[in-house]
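These notes are about the structure you will find just below.
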Amino acid sequence: MGDIGASGQMIALAREAKGWRQSDLARAAGMAQGSVSKVERGLLALDEEGLTKVADVLEVPGSLLRGDHELHGMESTCLHNRRRASRMPVATLKRVEGLAQLVALSTKLLLQHEPVPVLVRQPPESCLAPPQVARALRLAWRVPSGPVDDLVGLLERMGVIVVVRGLGTDAQDAVSLWPAGAAPVVLLNTGLPPDRARFTLAHELGHLVLHGVPGEGQEDEANAFAAELLTPADAIRPELEGLTLRDFGRLARLKSRWKVSMAALIQRAHQLDCISPSQFKSFRIKLNQYGWAKREPGELVPEVPTALTAAIEKHLADGLGVEELAELALMRPEQFRRHYLPVDEPPRHAATRNL
């Protein structure tokens, strides 16, 4: 059987998204590691049998690996992320980034007939500080003064696709990327408390509008953007003034109103000089003593993304079955069901389901 045009780039991407090294793929597929390296670099072609074997062990459809899929600039896209830990194994980072690339590719294909995104990135020559960009964005998006009611809904209306998916690690809260010619995507880790998910989403939005290429200080800039977007200084300052260690009940009420964590409110009070550095330190100690450093009381209602779900429901209503949708998204049907159809597709497709 003759050689075929497998994409070494896509094979490497699928391998990394699975968390595998080249040696892992070589062992599973019955290949030499040197051969895997050559395939991924485009120096060695696979025949049909070899590609089918690689696709099977990577648990992806052969269509993902066959040919040269248009990645729309993904290979040069700046991926941003919000991590909980300062250090992460390289293999874990590559797995998360590989997954983000594949999710963005599937999302683009599923939304290819939807309206063009309207999010605009801040020009590199802009002299605006991150809080100024956040204020300008609130004004442009006509966000009323005060708390942002539904951040997920706001971002999706403005052209950002939000996807909730397990990242396989609790060391990272999210990853975002903006492929050329497609909608920006924020991939949120599952299991985040709603207050942390909102700040993480605002943080990733900061990366998307502020940062086209990697650079120093971007995490602090994204945090400053997120703080101003969710808790504008002019509106929140009067509510934080006079805060003391006896005011955790007040912080809980403010958390419910502003939909950010008490930790974020304490940080904001420090940033706005509503509390002293020593008070800030004491607040942080108290949070740890209460066991609230990772998860606080006063759970908020989670915000649920709907843009991708709506597009999938539209495809189903137009008569596409799950197998066809999975093929469109370059996924296997069982994976598509698991990640995008938590509830079975409408009964009219029951005859075509492969259960």
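With N288 contributing its side chain and A293 its backbone, the two residues share no donor-acceptor pair below 3.5 Å. Side chain of R138 to backbone of L229: a donor-acceptor contact under 3.5 angstrom is found. Under the 3.5 Å distance criterion, the side-chain polar atoms of E156 are left unmatched by any main-chain donor or acceptor of P305. With K255 contributing its side chain and P297 its backbone, the two residues share a donor-acceptor pair below 3.5 Å. Judged by distance alone, with hydrogens and angles left aside, the side-chain atoms of E303 form no donor-acceptor pair with the main-chain N or O of R198 at under 3.5 Å. Proximity of a side-chain donor or acceptor of R250 to a complementary backbone N or O of E239 within less than 3.5 Å is detected. For the pair E228 (side chain) and P130 (backbone), a donor-acceptor distance under 3.5 Å is absent. Of the possible donor and acceptor atoms, none in the side chain of R15 sits under 3.5 Å from a partner among the backbone N and O of L25. Proximity of a side-chain donor or acceptor of Q335 to a complementary backbone N or O of E59 within less than 3.5 Å is detected. Proximity of a side-chain donor or acceptor of K259 to a complementary backbone N or O of V148 within less than 3.5 Å is not detected.
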Residues 31-38, side-chain donor-acceptor partners within the protein, below 3.5 Å, at least two apart:
unit_1 : atom_1 : unit_2 : atom_2 : d
S37    : OG     : R41    : NE     : 3.3

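In this structure, the separation between CZ on R27 and CZ on R21 is 7.0 Å, given to the nearest 0.5 Å. Note: L208 CG to L119 CG = 6.5 Å, rounded to the nearest 0.5 Å. Taken from CZ in R157 to OG1 in T306, the straight-line distance is 9.0 Å, to the nearest 0.5 Å. Distance NE2/H211 to CD/E219: 8.5 Å, rounded to 0.5 Å. Once rounded to the nearest 0.5 Å, the distance linking OG1 of T190 with CG of L167 reads 7.0 Å. Between L201 atom CG and L155 atom CG the span is 5.0 Å, to the nearest 0.5 Å.
Cluster membership check: L245 shares its hydrophobic cluster with L243, using side-chain heavy-atom separations under 4.5 Å among Ile, Leu, Val, Met, Phe, Trp and Tyr. Linking Ile, Leu, Val, Met, Phe, Trp and Tyr residues whenever their side-chain heavy atoms come within less than 4.5 Å places W141 and L230 in a single cluster. Linking Ile, Leu, Val, Met, Phe, Trp and Tyr residues whenever their side-chain heavy atoms come within less than 4.5 Å places V260 and F280 in a single cluster. Linking Ile, Leu, Val, Met, Phe, Trp and Tyr whenever their side-chain heavy atoms come within less than 4.5 Å puts L341 and M331 in one cluster. Each of L300 and V162 belongs to its own hydrophobic cluster when Ile, Leu, Val, Met, Phe, Trp and Tyr are linked at side-chain heavy-atom distances under 4.5 angstrom.
Note: H203 and H207 have perpendicular aromatic rings, judged against thresholds of 30 and 60 degrees for the angle between ring planes.
The shortest distance between side-chain heavy atoms of H315 and L328 falls below 4.5 Å. Two residues are said to be in side-chain contact when any heavy atoms from C-beta on lie closer than 4.5 Å; S261 and R196 fail this criterion. Side-chain atoms of F199 and L151, non-hydrogen and from C-beta on, never get closer than 4.5 Å to each other. At least one side-chain heavy atom of L254 sits under 4.5 Å from a side-chain heavy atom of L240.
One finds no salt bridge joining K53 and D56 here, because no Lys/Arg side-chain nitrogen approaches an Asp/Glu carboxylate oxygen to under 4.0 Å. For D273 and R237, the salt-bridge test fails: no basic side-chain N is under 4.0 Å from an acidic carboxylate O. Between R66 and E48 there is a salt bridge, since a side-chain N of the basic residue sits under 4.0 Å from a carboxylate O of the acidic one.
Summarising the local packing, CD of Q289 is surrounded by more than 12 heavy atoms from other residues, nucleotides or ligands at distances under 6.0 Å. Crowding of E327 atom CD: a count of heavy atoms from other residues, nucleotides or ligands under 6.0 Å not exceeding 12. Heavy-atom contacts from other residues, nucleotides or ligands closer than 6.0 Å to CZ of R257 number more than 12.
Residue pairs meeting the ring pair (Phe, Tyr, Trp, His ring centres under 6.0 Å) criterion with at least one partner in residues 215-252, sequence neighbours excluded, are F248-F283, F248-Y290, F248-W292.
With sequence neighbours excluded, no residue forms a salt bridge (charged side-chain N to carboxylate O under 4.0 Å, His left out) with E221.
Heavy-atom minimum distance, V60 versus A14: CG1-CB, 4.2 Å. When every heavy atom of L188 is checked against every heavy atom of A174, the shortest pair comes out as CD2-CB, 3.8 Å. Between L110 and F336, the closest heavy-atom pair is CD1-CE1, 4.0 Å. The two residues P179 and A104 come nearest to each other via the heavy atoms CG-CB, 4.1 Å. Listed here is the closest heavy atom pair of M262 and A252: SD-N, 3.8 Å. Here the closest non-hydrogen pair linking I236 and T231 is CG2-O, 3.6 Å.
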Exercise for review: Give the C-alpha distance, both sets of side-chain angles, the deciding distance and a yes or no for side chain to side chain contact (heavy atoms under 4.5 Å, CB included) between L102 and L64.
Suggested key: CA-CA 10 Å; L102 293 179; L64 177 69; 4.2 Å; yes
Review point. Passes side chain to side chain contact (heavy atoms under 4.5 Å, CB included), T309 versus V304? Steps please.
Key: CA-CA 10 Å; T309 300; V304 180; over 6 Å; no
Exercise for review: Kindly determine whether L177 and V175 satisfy side chain to side chain contact (heavy atoms under 4.5 Å, CB included), including the steps that lead there.
Suggested key: CA-CA 7 Å; L177 69 166; V175 59; 5.6 Å; no
Exercise for review: Could you walk me through whether R268 and Q271 pass the side-chain hydrogen bond (donor to acceptor under 3.5 Å, both in side chains) test, one step at a time?
Suggested key: CA-CA 5 Å; R268 194 63 168 143; Q271 293 169 345; 3.1 Å; yes
Review point. Yes or no on side chain to side chain contact (heavy atoms under 4.5 Å, CB included) for L93 and Q172, after CA distance, side-chain angles and deciding distance?
Key: CA-CA 9 Å; L93 179 60; Q172 188 153 321; 4.3 Å; yes
